[in-house]
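Have a look at the structure below, then the notes.
Everything quoted here is computed from the prediction, not taken from an experiment. Values below: all heavy atoms of this structure, side chains included; hydrogens, waters and symmetry mates excluded. Sequence lines set the chain letters: A, B, ... in the order given, protein chains first and strands last, and positions in each chain run from 1.
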Amino acid sequence: MALDKPYKDIPGTTIFDAEQSRKGYWLNQFCMSLMKADNRERFKADERAYLDQWPMTEEQKQGVLTRDLNRCIAAGGNIYFLAKIGATDGKSFQYMAASMTGMTQEQYAAMMLAGGRSAEGNRYIGEKAATQSNKEQA
Amino acid sequence: MALDKPYKDIPGTTIFDAEQSRKGYWLNQFCMSLMKADNRERFKADERAYLDQWPMTEEQKQGVLTRDLNRCIAAGGNIYFLAKIGATDGKSFQYMAASMTGMTQEQYAAMMLAGGRSAEGNRYIGEKAATQSNKEQA
Amino acid sequence: MAKITASVYTSHVPAIGAALDLGKSSDPYWQPLFKGYEPSKQWMKDNRPDVVFLVYNDHATAFSLELIPTFAIGCAAEFKPADEGWGPRPVPVVQGHPELASHIAHSVIQDEFDLTIVNKMDVDHGLTVPMSLMFGQPEAWPVKVIPFAVNVVQYPVPSGKRCFALGQAIRRAVESFDEDLNVQIWGTGGMSHQLQGARAGLINREWDNAWLDQMIADPQACSQVPHIDYVREAGSEGIELVMWLIARGAMADVAGGPKPTVKHRFYHVPASNTAVGHLILENN
Amino acid sequence: MAKITASVYTSHVPAIGAALDLGKSSDPYWQPLFKGYEPSKQWMKDNRPDVVFLVYNDHATAFSLELIPTFAIGCAAEFKPADEGWGPRPVPVVQGHPELASHIAHSVIQDEFDLTIVNKMDVDHGLTVPMSLMFGQPEAWPVKVIPFAVNVVQYPVPSGKRCFALGQAIRRAVESFDEDLNVQIWGTGGMSHQLQGARAGLINREWDNAWLDQMIADPQACSQVPHIDYVREAGSEGIELVMWLIARGAMADVAGGPKPTVKHRFYHVPASNTAVGHLILENN
Ligand SMILES: [Fe+3]
Ligand SMILES: [Fe+3]
């Protein structure tokens, strides 16, 4: 396809475009189901059995079971949908965000308090390690 | 409201615009419910009781109970929604159309076979009686 | 590269579907109508595309008053025939083309058309009747289909001008798809008919044919016809004709290419309450 | 005649709603943020509109992947706060303005914006957090609200240019409504933030403030900023800022009127993962 996708060169970032959306359709629709209290209970009672009711790939299911959000995103997940898993687990959004960065939640929270991750060095793939924080750069 | 509604001067015609849609919201949503076989059964078993479950006006309910589609349209109904009532009754679309014109179904069918209702005399309110058929004009 | 090779235009009267499904197509009432589509079925055998981009409208089936998209593009892998109150039509499930559909959605939204993307939708007679008319009654449809639903039920409906511009954007989108695909675009609905009120049964043969002449020869001018003319001259449901302008806008001549060839043209009154129009244009 | 008197811009971070609902607004973490909205609440008391046209985005709440409208206008009489996974926020039900909403829908669709009309929709933090920030915690919201949801979740999202043009069409629509109404338009979302992947936590204070400067002084130029700049400079979720351009496009100066007055401007980092921006512009 000849569509311009200029966003492919940004480090640590997956743009949820039509291609990702197609890939992640059932993963995201599974997440959506967790907006109902009944479904959250059924999921918590037996995660594997609940997941097996959805036509998801094994990779998507493993991503969910291991709570590896980066793996889920690579498999087509979108963060606003994936956030329903965190809500089901009673985790904050900041916990989920930290889990994707390789930092502890404390390190991540400290980085945010110090002004967040700098854009410097984080604009283009290869420019500099994508996971560096302000602190580390300072 | 200052929106131009040039379609108000056409005889025997109600344009389903936002105003009509607001007025007829529950009437039309009631009709939509008849797309499910279960609901059709419940409606047929006790029409009044089924209608009373919807926040419709009494005028709308009477329009439905008497199968007066012109009355339903005046109360905000749209023909594609109202057609679900005819389907529930096992009536053809041509039966429903005829019922709005004051003609018998046979007269209406004959008019259609003869080329339909002419636009002549039917473009502007007051130009000529709106319900005249080709035949009558010929 | 994908390419739009032809456009097909046809009414999509539900009674035509019922006549086919109930085996009435050789009844004296229906025989003249189906005869008009015989050349089309042959043409389709000789010119079968990979994908049909099928412009139609939903008739209070998939969309109730809860949510009314002006333009909705179907990006799913399949679309089931809808139960419109008598059970679903006994026709095959429609196979989509998710890759091309999302490519077109992406391109056309960037081109400033504010589409609604739909990944789950049943399709009503607006889509399935044209399929039956062009392909007959096969076990499976021989092409993939991208359903494109236009709101012509609740006012305001999109203008002819907007539809014509959208067709042009769709053509650019199709031609930027890398895979070699033969794509047809179909515009459905119309011609003159009115299903409501004391004026029900209105048919305007002269206006329909003059409109068709202009749509073929000077689509730009045809796209300027205001809504009120459709309603006054072709009946309140005649407004469906604006959907034909989407297909017409996607033809090569509108973008400066050669004029299309008229392969077939047919007009018949009545099918139930409606005038039936049909046209096939081939790009050169 | 209805009139747009002012525009309000604010981030809509869900954690802000949670902090309010859980009574944490005077915690040291949150105190500086809520302090930044004190002048706004006073201004709102002095300048309360009849209706707020509230531009926001749904975060996989009312709209799943089944159906994604680019632009959806809420025409219902009321909208319930959504259950986003922790039960609905304990805030009042939002009262709509069906007459003005459908008037705007009618006008803007005729102006070639392909809106989706929505008559049933729950509203998530994208809409309710700005309400809480501007009105505090009343028993009932003191204004009517027209929710206007923009797709910024699945690409392609509408361009800044398209949003800015839409704002201008909304202004024309409001001003053609006969009833005397004081209408505000709000743009919400942003500022810089990224909620996903190894780059999560990105904040770009310099870019945010330069963008704000330009949006105030030269919105036409600001509307030309391409998507990729938002993502690269302000994080993948920073793209929400295009919604501010709808509100900005509806201001009088864009249609040749006098420049608006900046009544309040505030910027704060962080609220959870996000930079918070806030601005009030009054028409003159
Ligand atoms: Fe139709
Ligand atoms: Fe947001």
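- Going from atom OG of Ser118(A) over to atom CD1 of Ile203(D) covers 10.5 Å, rounded to the nearest 0.5 Å.
- Only the side chain of Ile73(A) comes within contact range of chain D, judged by heavy atoms closer than 4.5 Å.
- The part of Met32(A) that comes within reach of chain D is its side chain, from C-beta onward, which places non-hydrogen atoms under 4.5 angstrom from that chain.
- Ranked by non-hydrogen atom pairs under 4.5 Å with chain D, the options Asn78(A), Asn28(A), Ile15(A), Leu82(A) are led by Ile15(A).
- Contacts of Thr88(A) with chain D are absent, with no heavy-atom separation under 4.5 Å from either backbone or side chain.
- Around the NZ atom of Lys5(A), the shell of radius 6.0 Å holds more than 12 heavy atoms that belong to other residues, nucleotides or ligands.
- How far CZ of Phe81(A) is from OG of Ser64(D): 6.0 Å, rounded to the nearest 0.5 Å.
- Note on Val269(D), Val157(D), Asn273(D): by heavy-atom pairs under 4.5 Å with chain A, the leading option is Asn273(D).
- A distance-only check finds a donor-acceptor pair linking the side chain of Arg117(A) to the backbone of Ala200(D) [under 3.5 Å].
- The CE atom of Met111(A) sits 8.5 Å away from the CG atom of Leu202(D) when rounded to the nearest 0.5 Å.
- Contact annotation for Phe63(D): only backbone heavy atoms (N, CA, C, O) come within less than 4.5 Å of a heavy atom of chain A.
- The two atoms that bring Ile79(A) and Leu195(D) nearest to each other are CG1-O, 3.5 Å, heavy atoms only.
- Side-chain atoms of Asp58(D) and Tyr80(A) include no donor-acceptor pair closer than 3.5 Å.
- The closest donor-acceptor contact from the side chain of Glu233(D) to the backbone of Ala119(A) lies at 3.5 Å or more, if one exists at all.
- Using a 4.5 Å cut-off between heavy atoms, Glu206(D) does not touch chain A at all.
- In terms of heavy-atom proximity, Arg199(D) sits nearest to Arg123(A) at NH1-CA, 4.2 Å.
- Residues Gln196(D) and Thr14(A) share a closest heavy-atom pair of NE2-O, 3.0 Å.
- In this structure, no portion of Ser192(D) lies under 4.5 Å from any heavy atom of chain A.
- Shortest non-hydrogen contact noted between Arg232(D) and Asp9(A) is NH1-OD1, 3.0 Å.
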Inset, instruction - Report the C-alpha distance between Thr13(A) and Gln194(D) in whole Å, list the side-chain angles of each, state the deciding distance to 0.1 Å, and finish with yes or no for side chain to side chain donor-acceptor pair (under 3.5 Å). - result: CA-CA 9 Å; Thr13(A) 303; Gln194(D) 174 150 344; 2.9 Å; yes
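- Rounded to the nearest 0.5 angstrom, Tyr95(A) OH and Ser272(D) OG are separated by 14.5 Å.
- Of the possible donor and acceptor atoms, none in the side chain of Lys84(A) sits under 3.5 Å from a partner among the backbone N and O of Glu84(D).
- Listed for the Gln29(A) side chain is a donor-acceptor partner under 3.5 Å among the backbone atoms of Leu65(D).
- Listed here is the closest heavy atom pair of Met112(A) and Pro270(D): O-CG, 3.4 Å.
- Closest non-hydrogen pair, Asp83(D) versus Met35(A), comes out as O-CE, 3.0 Å.
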